[in-house]
J.: 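First the structure, which I've put down as structure tokens, then a few questions once you've had a look.
Reckoned from all heavy atoms, side chains included, excluding hydrogens, waters and symmetry mates.
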Amino acid sequence: MQLSEPSDEIGNETETETEMVGDSFARHPHDVYRRWREEGGVRKVRFSGAAPLAGWVVTGHAACRAALADPRLSKDGATEAYARHEGLPVGGPGSGLTSHMLNSDPPRHTRLRRLVQQAFTQRRVAGLRPRIEAHVTTLLDALDGTDEGDEVDLIARFALPLPLAVIFDLLGADPAAHGILQVRGHTVSGDGGDGEVSVPTAEAMLERLRALIAEKRARPGDDLLSALLTAGDGGDRLTGQEVTSMAFLLVIAGHQTTVNLVANGLLALLAHPAQLAAVRADPSLIPSLTDEVLRHESPFALASLRYTTEPVTIDGTTIPAGEFVQIALAAANRDPEVFADPDRFDVTRDASQHLAFGHGVHHCLGAPLARLQAEIAFAHVLRRFPGLRLAHPERTAEWQDNPRHRGLLTLPVRLR
């Protein structure tokens, strides 16, 4: 079907009562998601906090899976439409950075994904294993001299720098540029799909990516960025803006997902000693562990923004045309209709039906790379530090105050 462009009326309030969600949501989201599933599965919500967000939230596994693949829930222009609706800045120097396939519908999405897949192959991802293992070893070597009583933040010292280094290997970029593209509240906030990028950061990002692309045009190498520049068939190639935007998506969305996956997984293991012991006793459980982390504490709690192009009935609730829809991956992944005793963390369960990487045409293209990094990270950390423990087990974990992400702010541990 032909999807319409978002209109000025998109996101207008309806008579449906909107539930206000306060700052405590970041600490106890699963309690709220459980109540929403039990009360009907779909409701209109406005999240407060550092990253205000509003729209209809879908929570059940079956409903979320169907919504993720429903062409009546459009992504074309959704970010800009939401910004206009909320009175946020639209456009600016960084606006071209978000014109990637995550923010588009077929047929444009189909074209972009086909061209990107020619460059971002399974072979290329698998070929990164030695580099990932080298980065992990280097980062853990730097921690190895830590005294027994010293406290280490595993996010700042490990989970954060690892995926960024891997992404820059993938792009064939100079590690000296890492500071410009750092995320999680340093210079860039948001996920490149629905997040906000400050103007100075957008300018720096755009300048750096364009310079890197120009370098690859002049001196191509065996890297993803060079491959993106030459991907095509029948004369159809990615434009310069499309390559720039795709590189931005890889850096921001890919990096954020992996940081959260690694950190959430290490916290879950340290908070569940029996599960940690099971993985230590049988390292072949690490792929299963990775799926269970993705299910139990999904790195992206809400899928990227969509809006209805016509009235859509989901789980018995009709959402009018022109409304924003948030698909709660974190809620779907703890649906008891699909996962027995869903709040229990169990590395031996079959968690393969989780929706952490989405579903349908927008299923995450970088999922194999995120899995590979997490599996290598878990294996090396557990082998290197058999005495690893939480530095403050009595404290409640601190989570990012952003309903879209499920990520820790810090992960203080003692290594011995």
J.: Does the side chain of Thr309 pick up a donor-acceptor pair with the side chain of Ser74 at under 3.5 Å?
T.: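 Side chains of Thr309 and Ser74: no pair found under 3.5 Å.
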J.: Considering only NZ, NE, NH1 and NH2 on the basic side and carboxylate oxygens on the acidic side, decide whether Arg124 and Asp222 come within less than 4.0 Å.
T.: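 Yes, charged N to carboxylate O under 4.0 Å.
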J.: Tell me, please, which residues at least two apart from Thr396 pass side-chain hydrogen bond (donor to acceptor under 3.5 Å, both in side chains).
T.: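 Thr396: no side-chain hydrogen bond (donor to acceptor under 3.5 Å, both in side chains) contacts found.
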J.: Check whether any side-chain heavy atom of Leu115 lies under 4.5 Å from a side-chain heavy atom of Arg237, and answer yes or no.
T.: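 Answer no - side chains too far apart.
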J.: How far does CZ of Phe158 sit from CG of Leu160, to the nearest 0.5 angstrom?
T.: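 Going from the CZ atom of Phe158 to the CG atom of Leu160 covers 11.5 Å.
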J.: Looking at Arg43 and Glu17, is any side-chain nitrogen of the basic one under 4.0 Å from a carboxylate oxygen of the acidic one?
T.: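 Result for this pair is no, no salt bridge flagged.
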J.: Would you call Glu297 and Arg334 a salt bridge, taking side-chain N to carboxylate O under 4.0 Å as the test?
T.: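 Salt bridge flag = yes for Arg334 with Glu297.
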J.: Identify the two heavy atoms, one from Ala303 and one from Leu68, that lie closest to each other, and give their separation to 0.1 Å.
T.: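 Looks like CB-CD2, 4.0 Å.
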J.: Examine the side chains of Thr348 and Asp346 and answer whether a donor and an acceptor come within less than 3.5 Å of each other.
T.: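 Present: a donor and an acceptor within the cut-off.
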J.: Is a salt bridge present between Arg35 and Glu19, judged by a nitrogen-to-oxygen distance below 4.0 Å?
T.: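 Salt bridge between Arg35 and Glu19, a charged N being under 4.0 Å from a carboxylate O: yes.
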J.: I'd like to know if Arg384 and Asp144 make a salt bridge, using a cut-off of under 4.0 Å between side-chain N and carboxylate O.
T.: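 Salt bridge between Arg384 and Asp144, a charged N being under 4.0 Å from a carboxylate O: yes.
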J.: Is a donor from one side chain sitting under 3.5 angstrom from an acceptor on the other, for Ser288 and Asp291?
T.: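 No, no side-chain donor-acceptor contact under 3.5 Å.
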J.: Could you tell me if Gln326 and Arg404 have a donor-acceptor pair between their side chains, going purely by distance under 3.5 Å?
T.: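 Gln326 and Arg404 do have a side-chain donor-acceptor pair below 3.5 Å.
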J.: Quick one: are Leu238 and Met246 in side-chain contact, heavy atoms under 4.5 Å?
T.: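 They are not in contact (no side-chain heavy atoms under 4.5 Å apart), so the answer is no.
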J.: Pairing donors with acceptors under 3.5 angstrom, does anything connect the side chains of Asn333 and Ser298?
T.: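 Judged by distance alone, the side chains do pair up.
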J.: Does one side chain, of Glu151 or His392, offer a donor that lies under 3.5 Å from an acceptor on the other?
T.: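 Side-chain D/A pair, Glu151 to His392: present.
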J.: Looking at every heavy atom in both Ala247 and Leu225, which two are closest together, and how far apart are they?
T.: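 Shortest heavy-atom separation between Ala247 and Leu225 comes out as CB-CD1, 4.2 Å.
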J.: With under 30° as parallel and over 60° as perpendicular, where do the rings of His296 and Phe345 fit, or are they tilted in between?
T.: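 Rings of His296 and Phe345: perpendicular, as their planes differ by over 60°.
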J.: Once the angle between the rings of Phe25 and Trp36 is folded into 0 to 90°, is it parallel (under 30°), tilted (30 to 60°) or perpendicular (over 60°)?
T.: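 Aromatic pair Phe25/Trp36 classed parallel.
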